[in-house]
Protein chains: 2
Amino acid sequence: MKQETRKDEIINTAAKLFKEKGYSAVTMRDLATAMGIKAASLYNHINSKQEILKAIIISIAEEFTSGMNSIIQSEASSISKLESIVALHVNITSNNTNGMASLNNDWMHLEDQLDYYLQLRNEYEANFLGIINEGVTASEIKNSNPEIIMFSMLTTLRSLYLWIPKKEDLNAKNLGQSLSEVLISGINN
Amino acid sequence: MKQETRKDEIINTAAKLFKEKGYSAVTMRDLATAMGIKAASLYNHINSKQEILKAIIISIAEEFTSGMNSIIQSEASSISKLESIVALHVNITSNNTNGMASLNNDWMHLEDQLDYYLQLRNEYEANFLGIINEGVTASEIKNSNPEIIMFSMLTTLRSLYLWIPKKEDLNAKNLGQSLSEVLISGINN
DNA sequence: TCACCAAACTAACAAGTGTTAGTTTAGTGT
DNA sequence: ACACTAAACTAACACTTGTTAGTTTGGTGA
């Protein structure tokens, strides 16, 4: 719980603006105005616009990688692992909805870190698919198209950042449970 | 099947670029280079960059509205209506994956047409939710949170544009069926 | 051959872009 | 009183942005 530095404030404000208009459409002058200062003053705290994007995206991507590694190493059933993935997304997204928007929509504007980001994402998706395949083999999961299953779950989870801010009445635990139910058991009676 | 005009070519090329980098990050010079001409030449065919975005997004949004109206007026069961919605998304997205990317990611950069777009989207979501609620009342659909159900389905469907281009082996009909199965019946055995 | 026209071109514009350099301000510990 | 420092400022830079004006090109029908 260390306190927020001025640099953190700038990054958080930037994340909020990036969520609204996207990285490319937000100028350093926009960001400065939102902070109540002049654009040049931002450079007392950060080195470049690109550095801000990197700070937002890479830290979140590494959180996902770390969470996924814990889940894979656990001894739980495949369905239970999928429920943990849902909870992972709900938790990370709840703590940083603005940053998740950048991760989803502005990752392609990463420069030096683009390859690293893509590597993390590919590994994450491969692990996700691995869990589903494992569940199919163990007959826990229907033997339909595993990629469609992953696609459906992952895109829903990736879009949580759009939805969580509107539903403050649901806490993370309840939302995770409801979502797991819908994603895993379906909606029909 | 009328043939493609030069203006159409520009709009389609723009949609492709917008998908890759987003509206704000694509310059008129980028677009011109992709067309093999100079930026100024674009203005022989279009009036502004904004007009291109409008042409891409609004036509698709109106397709969705029109499709949804047909579904609502049908006498089918709620589950069957949801299957039709899945098919609607698969069809529209298959025909214009690039345009769907702009609709999803760049709608906020619409200027004059922003309010109109938001109106269409709100109506669409209200109709979608109405079908789910109707299904809950008729005991076709589980009595869990209808908004979570809509969120889950709609975000999956909205992300199809990312996924369809990678899976050319699946035709629209098969993909629609598989996706309906996953979304409606779940994935567990 | 001539007029026409779609569609390209060159040249330029005013405004906005990220960023740098150097300076001022106000508060803190000695 | 003094030096130090975090954090703001003004002014400017080189470049990029969307767009306009006027011109050239090459093909088509009369």
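Below, each value reflects all heavy atoms present in this structure, side chains not excepted, and no hydrogens, waters or symmetry copies. In what follows, chains are A, B, ... by sequence order, proteins preceding strands, each numbered from 1.
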**Item:** d(CD, A:Q50; P, C:dT19) in whole Å
**Value:** 9 Å
**Complete:** Of D:dT19, C:dA7, D:dA8, the nucleotide closest to the side chain of A:I37 is D:dA8
**Prompt:** How long is the line joining NZ of B:K49 and P of D:dT16, in whole Å?
**Reply:** 15 Å
**Item:** Residue A:R6, side-chain heavy atoms: nucleotide from C:dT17, C:dA7, D:dA7 that is nearest
**Value:** D:dA7
**Request:** Report yes if a side-chain nitrogen or oxygen of A:H45 is closer than 4.0 Å to either non-bridging phosphate oxygen (OP1 or OP2) of D:dA7; otherwise report no.
**Result:** yes
**d(CG, B:L31; C1', D:dT16) in whole Å** = 16 Å
**Message:** Taking the minimum atom-to-atom distance to the side chain of A:A40, which one of D:dA8, C:dC9, C:dA21 wins?
**Reply:** C:dA21
**Asked** Looking at B:E9 and B:R6, does any basic side-chain N land under 4.0 Å from a carboxylate oxygen?
**Response** yes
**Request:** Assign each of A:N47 and A:T27 to its nearest nucleotide of DNA chain C by heavy atoms, then name whichever residue's nucleotide is nearer the 5' end.
**Result:** A:T27
**Message:** Please determine whether side-chain contact (heavy atoms from CB on, under 4.5 Å) holds for the pair A:F64 and A:I92, giving the CA-CA distance in whole Å, both sets of side-chain angles, and the decisive distance to 0.1 Å.
**Reply:** CA-CA 8 Å; A:F64 275 107; A:I92 293 180; 3.8 Å; yes
**Prompt:** B:S41 near the nucleic acid: base, sugar-phosphate alone, or nothing, with a heavy-atom cut-off under 4.0 Å?
**Reply:** base
**Asked** In whole angstrom, what separates A:M35's CE from D:dA6's P?
**Response** 17 Å
**Message:** Would A:K49 and A:Y23 count as a cation-pi pair here, with the cationic atom under 6.0 angstrom from the ring centre and within 45° of the axis?
**Reply:** yes
**Request:** Could you tell me the separation between the NE2 atom of B:H109 and the C1' atom of D:dT17, rounded to a whole number of Å?
**Result:** 15 Å
**Asked** Rounded to whole angstrom units, what separation is found between the CG atom of B:L42 and the C1' atom of D:dA21?
**Response** 16 Å
**Partner residues of A:R121 under the side-chain contact (heavy atoms from CB on, under 4.5 Å) criterion, sequence neighbours left out** = A:W107, A:Y117, A:L118, A:E125, A:R158
**Request:** Using whole Å, report how far CD of A:E51 lies from P of C:dT20.
**Result:** 11 Å
**Request:** Please answer whether the main-chain N or O of B:N174 pairs with a side-chain N or O of B:N171 as donor and acceptor at a distance below 3.5 Å.
**Result:** yes
**Asked** Taking the side chain of B:K38 as its heavy atoms from C-beta onward, which of C:dT10, C:dT19, C:dA7 lies nearest to it?
**Response** C:dT10
**Request:** Answer with yes or no whether B:N44 presents, from its side chain, a donor or acceptor under 3.5 Å of a partner atom in the base of C:dA6.
**Result:** no
**Request:** Please state how far atom CE in B:M28 lies from atom C1' in D:dT17, giving the value in whole angstrom units.
**Result:** 11 Å
**Asked** Of the candidate nucleotides C:dG18, C:dC9, D:dT20, which contains the atom at the shortest distance from the side chain of B:Y43?
**Response** D:dT20
**Item:** Selection from C:dA8, C:dT17, C:dA12 that lies nearest to any side-chain heavy atom of A:R29
**Value:** C:dT17
